Structure formats: C-alpha cells, structure tokens
Amino acid sequence: MNRRHRGLLVAITAGALVFGAPTAASAATTSGWWWGGHGRWQPPVTAPTPTPAPAPVADTDSSAPAASFVEDFNDYAATGLVAQTYKQAWQPYPDGTSGIYAPSKTVSVHDGVMDVQLGGAGTAGTFGTFAKAWGHVGGSFSVRAKATGGDGNGAAFMLWPTSGIWSDGEIDFPEGNFDESPSAYHHSMTPGQESNRVQLGTGVSWRDWHTYKIDWVPGKSVTYSVDGRVLDTITHDVPWTPHRFMFQTGNWGDSGNLLIDWVSTTE
C-alpha cells in the first residue's frame, strides 16, 4: 500500500456531526435544489455558471501525486472491514448517523478502488488518521473518482470546519447529482448567509474518471481545478480555521457505485 503521512498538522479531534436529513421522497421532488450534506438543502444558484474551455475529456492518468497523505486503496477490504483495514486513512461516520449513513454496509475496497454502493443507505466519512484528519489549515486536497448508475443520488466531497460552525467556511468539490455534471461550491462565511455560494461548473461527467483538486491558502484564496485545468480562484470567504476533508452520499436514488481511485492531501 502506498501511504505517506509526513508533516500533517496536529489535529483538533472531533466526532461525527449529527444533523437532520431530507427524506428520499423530498429529494426526488425538490427541483433545482441539492442536498449538500450535513442535513441542509442548498438553494439553486442564481449566478451564471462559467462554461469551461477547451472541451473536457476523461482523465486517463491514474497516478496519485506525491503528498503528505496518499491513499490509493491497494489492499482488499470486504464490506464491513474497510474501517479496520484502512484505519490510518478512513474515518467513517457511525452507522445510523442522521438516519442516513451506514458505511459498514456500503463501502468495500477491491481492484484498487474504494467502492461505495448507492441506493438504500448513505455513506459519509473523513479521509486521514483519526488523530490528524481534523486539523487541516490550508493545503492541497485531491481525489480521483467516477460514478456508475446512482441517478437521483449524488456526492459532496468537502472541506468542512472542525468546529462544526457553518460560517467557518464550507468548500465543496466535486459536488452534484450523478446524472448531472459536478461543480465546485464556495460558500459564504457570513453568519445567516452560509447557503449563498459561488458555483463553478466543470463541464465534465461523473461517468468518467476525473481528478478534482482544491488548493487552499488560509484567509487568502481557494483554487479549484479538474484534471489540472483551473476553473477559478476565489479570494473572498476563504477559511482560516481547521477543516477536515470528507465526502457524503445520500440514501435515495437508483442503485450504482461511487468509485474512488485515490485521495491525497498536502499541507
């Protein structure tokens, strides 16, 4: 297994956050809104989404970068054994959290990928060791992923504040329904206005392998890239407190699979 853990910041340890959640029925009927995780419906974005150029193509380079933390999922782990096998890389939410998540029933590792089953139960968890995963203050965060099936479901990869305070800043990339194109969502840090956010469209498909990267300079900027192509750099509402790098899927929609080839973080 190719794991490297060098120079990660000392973390503020935190347990899984427990929030309410929408039902599968409401997920299917709330047109234009997206459940972005942590039990919150996100309103439609009114700002125009830029059209990337040139035309995107599938990412064919499966190599993970050299980083302070890399997990490329080379060791097989049956469903229910991933947390034990990857205890230095994957911290799942406890089964039953928010009435949505059951990682022990949905996640396996085989053929060099983390395989997240879609339909019936949601999945959520944080990448990194339990001692260090909650202490990121800036850095680069990358994931190579694709989805098969799962229409009506979706995923949100995110940097979420360790404090649990939404106005400490939420950075989501990639996020979106699997039957649509994923986007980056950069949220407001003004208390009471956190649901306001800038959307950056990728123009790519969840159905192909793509590498999504966040470069975060605390208090200064966040740059979003797909397959090495910069979408934009945001210089407002930039967090400066500890965050964790994680992802969530819902518990509705068609059956399918979210596949994660590798994940990396660099301080």
Side-chain angles (χ1 to χ4, degrees), residues 1-18 37-38 63-97 101-110 112-116 122-145 155-165 168-174 211-216 218 239-249 258-267:
M1 181 182 303
N2 181 15
R3 292 200 195 100
R4 294 178 288 278
H5 303 274
R6 299 192 303 271
L8 285 173
L9 298 179
V10 176
I12 297 175
T13 302
L17 301 175
V18 180
H38 298 287
S63 301
S68 54
F69 166 83
V70 174
E71 182 50 70
D72 48 15
F73 302 111
N74 283 336
D75 289 351
Y76 171 80
T79 303
L81 298 178
V82 178
Q84 175 182 335
T85 305
Y86 287 89
K87 60 185 178 181
Q88 296 300 314
W90 166 243
Q91 312 303 324
Y93 277 30
D95 284 3
T97 300
Y101 305 117
S104 73
K105 300 177 182 177
T106 59
V107 182
S108 62
V109 175
H110 60 84
V113 298
M114 173 182 273
D115 185 340
V116 182
T123 300
T126 298
F127 296 113
T129 67
F130 185 80
K132 298 181 178 180
W134 284 266
H136 300 293
V137 183
S140 296
F141 305 85
S142 301
V143 61
R144 186 174 190 260
F157 289 79
M158 67 180 73
L159 283 163
W160 175 256
T162 297
S163 66
I165 299 171
D168 280 350
E170 178 181 354
I171 296 171
D172 303 331
F173 188 56
T211 298
Y212 306 90
K213 184 181 181 184
I214 300 166
D215 289 302
W216 168 28
W240 61 84
T241 61
H243 280 54
R244 55 186 170 129
F245 188 46
M246 58 171 294
F247 81 94
Q248 299 172 316
T249 65
L258 171 64
L259 305 176
I260 301 172
D261 184 20
W262 51 259
V263 61
S264 74
T265 66
T266 301
E267 305 295 346

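Quick caveat: nothing in here was measured; it's all calculated off a predicted structure.
For Pro161 against Gly169, the heavy-atom pair with the smallest separation is CD-O, 3.1 Å. Shortest non-hydrogen contact noted between Arg244 and His136 is CA-CD2, 4.2 Å. Heavy atoms only, all atoms of each residue included: Val70 and Ser264 are closest at CG2-CB, 3.9 Å. Residues Met246 and Gly125 approach most closely at CB-O, 3.0 Å, considering heavy atoms. The heavy-atom pair separating Pro94 from Thr97 by the smallest distance is O-OG1, 2.7 Å. Scanning both residues, Val109 and Asp75, for their nearest heavy atoms gives CG1-O, 3.2 Å.
In this structure, Tyr101 OH and Thr106 OG1 are separated by 11.0 Å, a value rounded to the nearest 0.5 Å. Separation of atoms CZ (Arg144) and OG1 (Thr211) is listed at 5.5 Å; rounding is to 0.5 Å. To the nearest 0.5 angstrom, Asn74 atom CG is 13.5 Å from Trp262 atom CH2. Distance check, rounded to the nearest 0.5 Å: OG1 of Thr249 to CG of Leu258 gives 7.0 Å. To the nearest 0.5 Å, the span separating CE on Met114 from CD1 on Ile260 amounts to 5.5 Å. Separation of atoms OH (Tyr76) and CG (Leu81) is listed at 8.0 Å; rounding is to 0.5 Å.
In terms of modelled atom types and a separation under 3.5 Å, the side chain of His243 and the main chain of Thr241 share a donor-acceptor contact. Tyr86 places no side-chain N or O within donor-acceptor distance of the main-chain N or O of Phe127, the cut-off being under 3.5 Å. No side-chain donor-acceptor contact under 3.5 Å links Ser142 to the backbone of Lys213. Thr162 places a side-chain N or O within 3.5 Å of a backbone atom of Trp134 that can act as its donor or acceptor partner.
In this pair, Phe247 and Trp90 present their aromatic rings parallel. The plane angle is below 30°, not in the 30 to 60° band.
Residues satisfying the side-chain contact (heavy atoms from CB on, under 4.5 Å) test with Ser108, not counting sequence neighbours, are Thr79, His110, Asp115. Scanning for ring pair (Phe, Tyr, Trp, His ring centres under 6.0 Å) contacts around Tyr212 gives Phe173, with sequence neighbours left out.
For the pair Pro103 and Asp95, the minimum side-chain heavy-atom distance is below 4.5 Å. Here the side chains of Leu159 and Pro239 are not in contact, with every heavy-atom distance at 4.5 Å or above.
Taking the six-membered ring for Trp, Phe141 and Phe157 have ring centres at least 6.0 Å apart.
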